[in-house]
Amino acid sequence: MLLKLDGTGPAYLQVYRAIRTEILNGTLSRGMRLPSTRSIATDLSVARNTILQAFDQLLAEGYVTAHVGAGTFVADELPDLMETLHPAASRPASGDQTAFGLSAYGQRAQMWDSPLKLRPRPLPYDFRQGHTDIQNFPFEIWRKLLTRRARSSNAHSFVYSTPEGGIDLRRAIADYVRRSRGVRCHEDQVLVVNGSQQAFDLIARALLDPGDVVVMEDPGYLGAREAFRAAGARFVAASVDSDGLTLDTLPPLANRARLVYVTPSHQFPTGAIMPLARRLALLAWAKSTGCYIVEDDYDSEFRFDGRPVEAVQALDRSGLVIYLGTLSKTLFPGLRLGYLIVPEPLVAPLRAIKFLADRHTSTLQQDALTDFITEGHFERHLRRARKLNGARREAMMRSLRTHLGDRVEICGANAGLHMLVWLRDHAEAELPSIMARAAAAGVGIYPVTPYYFEPPRQAGLLLGYAALDPAAIEEGIARFAKTLNARKTA
């Protein structure tokens, strides 16, 4: 198989994109058996582990299927249906990317293929991180609030709004984060955004030029990393230990950083919680280097053991922290509402950039959310969600101990809605076949590999549990363990 690598980004992503392109343009037809990873590695003069990572990504996104003892095959149903139906429109005729006429930003942006793409067919026991319990959201209350706001609307409700969001919602958000997270702010510092992904994009546009340095947790959240990469950032990978991001081993290049991105309340994906001393050290380091801290507090509402630690922003006395919150995990992902709380010097530029991006966020949704918060529905829902997710967490821990015992190491279980599970008896290169066997048993499991700058040697799984009830968690883990046990005895 002749593959043309584009020379951009990590080698495994180049291989992944090259194979994906060959699948979508029909060169590799549905059902066709792919060459072995060893032979592709030899042809491209790269490490076999690089090819295994690419196959892992293709398998997770549904482009290929793996059959133990038979090999890897192009999937019969492909996720990119429109690209398959219209291949000529989805790529330049000459095969040269310059035929698109894309800017450098556009070319960098199209490099990313999210590991969170939906499967073509949902699995009954899907441990996908980021999925939440939609069934127990109080939709009847939400519908009533939307209807009430729609009925009471007047001419003012249908004109353009302000880019930073409605004053009532910003005031409600500011009040909530002051009470729940100790965040020091007033409503003028709040910017309502269309989810955390838009927040990353706005931050990148405001603060990064091509070549600027960003310190990122390693492993870390891809949505943030890729938004900064598209802006042309250079990365310094900061290692993560049991207390989160470490500063001691940063190279000299880090002293030129414009941003440092952290998830201190529940490090993504390891689950480490940054203690107070390290939070203070991070603030001191940022002040000495003159960079902003982007604090992503993505699921701080879900903590099951111990007292919550103050947000880094709550400790900031120098205006260094850009605080980010999302409602995707606490309400529902389709809402696409989140918020930024920014130092006062950044208020005006971020409002202007938000205006240029989409003018403003939907006013009806903002109005309904304002009522949802101010009338107490939000915090009542959170209390119920914590209880339900606590039961799911217990079911997950119990199932892993019962069915896998000391064959796994569990990280990050005391907060959040996912766990990092290391398979002690398996190497990272085995993950494609492990995932394929699990999928054949109806279980969706997902590798932690894409979140690392360099892949770990040990097989690690990022398992979300918020969308499954305890019985489904028990059955899913039992099925997964059975596939591992079958392999062990084969």
Side-chain angles (χ1 to χ4, degrees), residues 16 20 23 30-31 53 55-81 84 113-136 222 269 328-329 332-334 388-389 391-393 395-400 402-404 408 410 416-421 423 426 430-451 459-487:
Y16 155 79
R20 177 176 176 269
I23 291 172
R30 301 181 187 202
Q53 283 184 265
F55 272 42
D56 186 354
Q57 189 81 12
L58 292 162
L59 183 70
E61 295 181 9
Y63 293 106
V64 300
T65 59
H67 304 282
V68 178
T72 304
F73 299 81
V74 178
D76 291 329
E77 293 188 20
L78 301 176
D80 296 74
L81 179 59
T84 308
D113 287 281
S114 170
L116 297 180
K117 285 184 178 179
L118 297 178
R119 293 176 181 270
R121 290 196 189 105
L123 295 171
Y125 308 99
D126 196 342
F127 291 92
R128 182 183 292 272
Q129 178 274 327
H131 283 200
T132 56
D133 178 15
I134 303 299
Q135 299 302 319
N136 284 295
L222 276 179
S328 295
K329 305 292 188 299
F332 54 95
L388 292 170
N389 285 319
R392 294 184 178 100
R393 168 194 178 250
M396 188 79 160
M397 296 285 289
R398 183 174 60 252
S399 300
L400 288 167
T402 299
H403 298 290
L404 290 167
V408 297
I410 304 168
L417 301 174
H418 70 264
M419 297 178 188
L420 174 56
V421 178
L423 305 180
H426 300 272
E430 299 176 67
L431 279 173
S433 61
I434 291 172
M435 294 165 61
R437 294 197 305 275
V443 182
I445 58 173
Y446 301 90
V448 75
T449 308
Y451 302 98
L461 299 174
L462 191 62
L463 303 181
Y465 54 82
L468 298 170
D469 61 42
I473 290 170
E474 165 71 28
E475 178 64 19
I477 296 299
R479 291 187 178 208
F480 171 52
K482 187 176 181 179
T483 65
L484 280 183
N485 293 335
R487 177 64 174 173

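All values derive from a computational prediction rather than experimental measurement.
- The closest side-chain heavy-atom distance from L58 to P432 is not below 4.5 Å.
- With a 4.5 Å cut-off on side-chain heavy atoms, I477 and T402 do not count as touching.
- With sequence neighbours left out, the side-chain contact (heavy atoms from CB on, under 4.5 Å) criterion links N136 to D133, R384, L388, R392.
- Heavy-atom minimum distance, A439 versus L123: O-CD2, 3.8 Å.
- L431 and G460 make their closest contact through CD1-O, 3.9 Å (heavy atoms, listed as atom of the first residue, atom of the second, distance).
- The side-chain heavy atoms of L484 and H426, taken from C-beta on, include a pair separated by under 4.5 Å.
- Counting heavy atoms from C-beta outward, M397 and M419 have side chains that approach closer than 4.5 Å.
- Counting only heavy atoms from C-beta outward, the side chains of R479 and Y125 approach each other to under 4.5 Å.
- Inter-residue side-chain proximity for L423 and V408 is flagged as met; some heavy-atom pair is nearer than 4.5 Å.
- Taking each heavy atom of I473 and F127 in turn, the nearest pair found is O-CZ, 3.9 Å.
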Query - Intermediate values then yes/no, side-chain contact (heavy atoms from CB on, under 4.5 Å), V64 and I23 - result: CA-CA 9 Å; V64 300; I23 291 172; 4.0 Å; yes
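- Annotation for R30 and D76: closest pair NH1-O, 2.9 Å, computed over non-hydrogen atoms.
- Here the CD atom belonging to Q129 is positioned 9.0 Å from the NE2 atom belonging to H131, to the nearest 0.5 angstrom.
- Atom CD in Q135 sits 10.5 Å away from atom OG1 in T132 (nearest 0.5 Å).
- Closest of all the heavy-atom pairs between P269 and Y451 is CG-CB, 4.3 Å.
- The closest side-chain heavy-atom distance from L463 to I445 is below 4.5 Å.
- To the nearest 0.5 Å, the span separating CZ on R393 from CG on L417 amounts to 11.5 Å.
- Of the inter-residue distances, the one linking K482 atom NZ with R437 atom CZ reads 13.5 Å to the nearest 0.5 angstrom.
- Contact annotation: the side chain of L400 never approaches that of F480 to less than 4.5 Å [non-hydrogen atoms, C-beta and beyond].
- G476 approaches V443 most closely through the heavy-atom pair O-CG2, 3.6 Å.
- The OG1 atom of T65 lies 12.5 Å from the CE atom of M435; values are rounded to the nearest 0.5 Å.
- Qualifying salt bridge (charged side-chain N to carboxylate O under 4.0 Å, His left out) partners for E474, counting only residues two or more places apart in sequence or in other chains: none.
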